[in-house]
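What follows is a short report on a single structure.
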Protein chains: 2
Amino acid sequence: MTTENKKVTITHIAKMANVSPSTVSRVLRGSAEVSEAKRTAIQQAIEELQYRPNIFAQSLASGQSMTIGVLTQNFGSPFYDGILQGILQGLEGSDYWPMFADGRWYEKVEKHALHLLLDRRVDGLIIIGGQLDAEMLHSILKTTPLVVVAREIPPIRNRCLYVNNYEAGYAATRYLIDMGHRHIAHITAPTINKIAIDDVEKRFEGYKQALIDASLPIDPHLIVEGNLLQQSGVLAVEMLLSRGRPFSAIFAANDQMAFGARLALYRRGIRVPEDVSLVGVDDEPSAAYIVPPLTTVRQPAVEMGQVAAKAILAFINGKTPELTPFKAHLVVRESVSRYR
Amino acid sequence: MTTENKKVTITHIAKMANVSPSTVSRVLRGSAEVSEAKRTAIQQAIEELQYRPNIFAQSLASGQSMTIGVLTQNFGSPFYDGILQGILQGLEGSDYWPMFADGRWYEKVEKHALHLLLDRRVDGLIIIGGQLDAEMLHSILKTTPLVVVAREIPPIRNRCLYVNNYEAGYAATRYLIDMGHRHIAHITAPTINKIAIDDVEKRFEGYKQALIDASLPIDPHLIVEGNLLQQSGVLAVEMLLSRGRPFSAIFAANDQMAFGARLALYRRGIRVPEDVSLVGVDDEPSAAYIVPPLTTVRQPAVEMGQVAAKAILAFINGKTPELTPFKAHLVVRESVSRYR
DNA sequence: CGATATTGTGAAAGCGTTTTCAGAATTCTA
DNA sequence: TAGAATTCTGAAAACGCTTTCACAATATCG
């Protein structure tokens, strides 16, 4: 498999097949009928010369990059990673290629990354989470098809793919209540500091509403803020414990914080689920493998990625797919026990 | 921030600044001196018209894509992910952009992905793991700078970035021996089925040598094969238990299998570390947060990624950086206890 | 102060495709 | 079977930049 195709151009193969470059281009892209004879001659020449079209020339001439920009916030978080995987799968078989950029949850970085992607003339854009405001997204939409994943932005809701986070929070809390728990702590994440977690806030609201519906008080002493990372789950539990308010269950706004919480409890000799029950959100891959396996609310990350990919392809082709919210559902494992 | 720059070309801004396109190009790339007056006029025009160069035209004309191809095997495995993160960081600030492809540990997929990357005319290539044979890599090297991460390929060792996996296996096993363990099980991964894990095999060898050096027998009944995923760790422990050979410690060839093992032990009511000690390899992010926190051999994934990025940039610039193997070192946490 | 370097600049020729346009060849229609 | 409709095909003009070349305009030297 030589790689010295460096210089083989469409003209070479045109000459070799005794046709014009236009014709070669036609069989390459299947953009018009070409007689059987010439077609095979061309294909043979391509084979023989190991011809590979120059993508830049193609893009320049056609105005298409055959590329989908994917703007994520956290390469490396299991949840975002699932989405990425789904996108990869969804794009497979299409002629489009994903191009990733990482906004790292910093608005400035995110904007910069977005521009790089746009400079790269992506044919479509998938934005995962982030903080770009609706207005900006709307203006992008004028020139570039767009799908937003894991975030709900009212003005362009028909371009958004998300789970109902309110229901997620509600379901988790409700389950704990049904299991007899009355003092349920919650680890949330700040919503002020621009870390733009509407998702997390929705879960928080679900938590509160579930309590209200069960005529249970919302006790501020049982609510702590983390930052979505494991370590903050550890800290959150320390904090909870230091406040001295008794609780028999913890609902963490994501699995990573739940993992941290679980470790902190272990350190204090508090057993899960015998002493304290624990519920997370996301159903990360490792949730099923911690000890005890974590009961959590599943966000169908991979599926969302797949759907996002299919959707952006559809938009690019001028279609208008219906984007329906995903259902989050409780995955019952072993980190919750009935309160006695 | 309008995005209707669609049509602003270098010619427009040349006209606006009363210069020729050549001159604009010169200030754009800083490829030659331009008088102060024209320079500022040009910059102003760029600003005003919100000009963004067309990357395809640039690449076509210059022959450079300003892109680094990154071929990974497993988007989503924490270890590979760390490397990716490192690459992202290492590339930051350079004008190069990474382009990812996933070989999924299938030789066919990997080859295909490689070709797509090469078609994309990447200026450099970082290959993480994989099974491409030395010959093929060697031929790529003729046209494209290359760095291989997390894999040691003798004929092009000066292009490889890896940790000494033999030492990793040795260190883990030795530690267990030093802690008084005499019956140490090992969960490895198949090396036959083309899943090309020389790394894992090296760890296995380290394990064996450590036993030999301590005059301990190598007991085939204490060796099981997994596939590097959590679930296989579960199965491995089941298998081990069913064989009835007593053991007081397990060395798993990677953290994910260690996690699975830990779960299986929990299911059987076997305590870690009181009854059985456990050691993994990788030091994945979650290793510090499982219960009990896992003692493991750290592979500096992020650092390797960073170095790989720096190295490929150096190669592109015609330099020849020295690539020295990384050290793996034991991270002692709480999953091992002294054997009584 | 004329000859020689140096610096800044524009014209124009690529880079390797796609695509429009028009004409040639073929097939169809009445 | 003449004319009309279809199919194929090639020439040539984009696409938006970079870069070579040559030539002014300056600066430098003996």
Query raised in the report: Given D/dT18, is OP1 or OP2 found less than 4.0 Å from the side-chain N or O atoms of B/Q58?
Result: yes
**Report entry** Short side-chain to backbone donor-acceptor contact, B/R151 and B/G130, under 3.5 Å
**Finding:** yes
Query raised in the report: Among C/dT17, D/dA11, D/dT19, which is the nearest nucleotide to the side chain of A/Y51?
Result: C/dT17
Query - Distance in angstrom units between A/M66 CE and C/dT17 P, rounded - result: 16 Å
Requested in this report: Let me know the distance between NZ of A/K15 and C1' of C/dG16, rounded to the nearest Å.
Outcome: 13 Å
**Report entry** Closest listed nucleotide, where the reference is the side chain of A/A61 and the choices are C/dA11, D/dG10, D/dC15
**Finding:** D/dC15
Query raised in the report: How close or far is atom C1' of D/dT18 from atom CZ of A/F56, stated in whole angstroms?
Result: 14 Å
**Report entry** Between P of D/dT18 and CD1 of B/I55, the distance in whole Å
**Finding:** 11 Å
Report summary line: Looking only at heavy atoms, the pair that brings B/G76 and A/Q85 closest together is CA-NE2, 4.3 Å
**Report entry** Any A/R39 side-chain N or O less than 4.0 Å from OP1/OP2 of D/dC8
**Finding:** no
Query raised in the report: Whole Å only: how far is the CZ atom of B/R29 from the P atom of D/dC17?
Result: 12 Å
Report task. Consider the side chain of A/L60, meaning its heavy atoms from C-beta on, and name the nucleotide among C/dT17, C/dT18, D/dC15 that approaches it most closely. Result -> D/dC15
Query raised in the report: Taking the nucleotide of DNA chain C with the closest heavy atom to each, which residue, B/P21 or B/S62, is nearer the 5' end?
Result: B/P21
Requested in this report: Give a yes or no on whether the backbone of B/Q64 and the side-chain of B/S59 come within a donor-acceptor separation of less than 3.5 Å.
Outcome: yes
Query raised in the report: In whole angstrom, what separates A/L28's CG from C/dT18's C1'?
Result: 11 Å
Requested in this report: To the nearest Å, give me how far apart NE2 (A/H12) and C1' (C/dC15) are.
Outcome: 13 Å
**Report entry** Whole angstrom value for the distance that separates C1' of C/dT17 from CZ of A/R121
**Finding:** 17 Å
Requested in this report: Output yes when A/R159 and A/E152 qualify as a salt bridge under the 4.0 Å nitrogen-oxygen rule, no when they do not.
Outcome: no
Protein-nucleotides 4-9 of chain C N/O pairs closer than 3.5 Å?
from	atom 1	to	atom 2	distance (Å)
C/dT9	OP1	B/S35	OG	2.9
C/dT9	OP2	B/S35	N	2.8
C/dT9	O3'	B/K38	NZ	3.4

Report task. Please determine, for the side chain of B/I10, which listed nucleotide (D/dC15, D/dT18, C/dT17) has the closest atom? Result -> D/dT18
Query - Over all atoms of both residues, closest heavy-atom pair of B/T9 and B/Y51 - result: C-CE1, 3.7 Å
Query - Point-to-point distance, once rounded to the nearest 0.5 Å, from CE of A/M99 to CG of A/L116 - result: 9.5 Å
Query raised in the report: Regarding B/T23 and B/S20, is there a side-chain donor-to-acceptor distance under 3.5 Å anywhere?
Result: yes
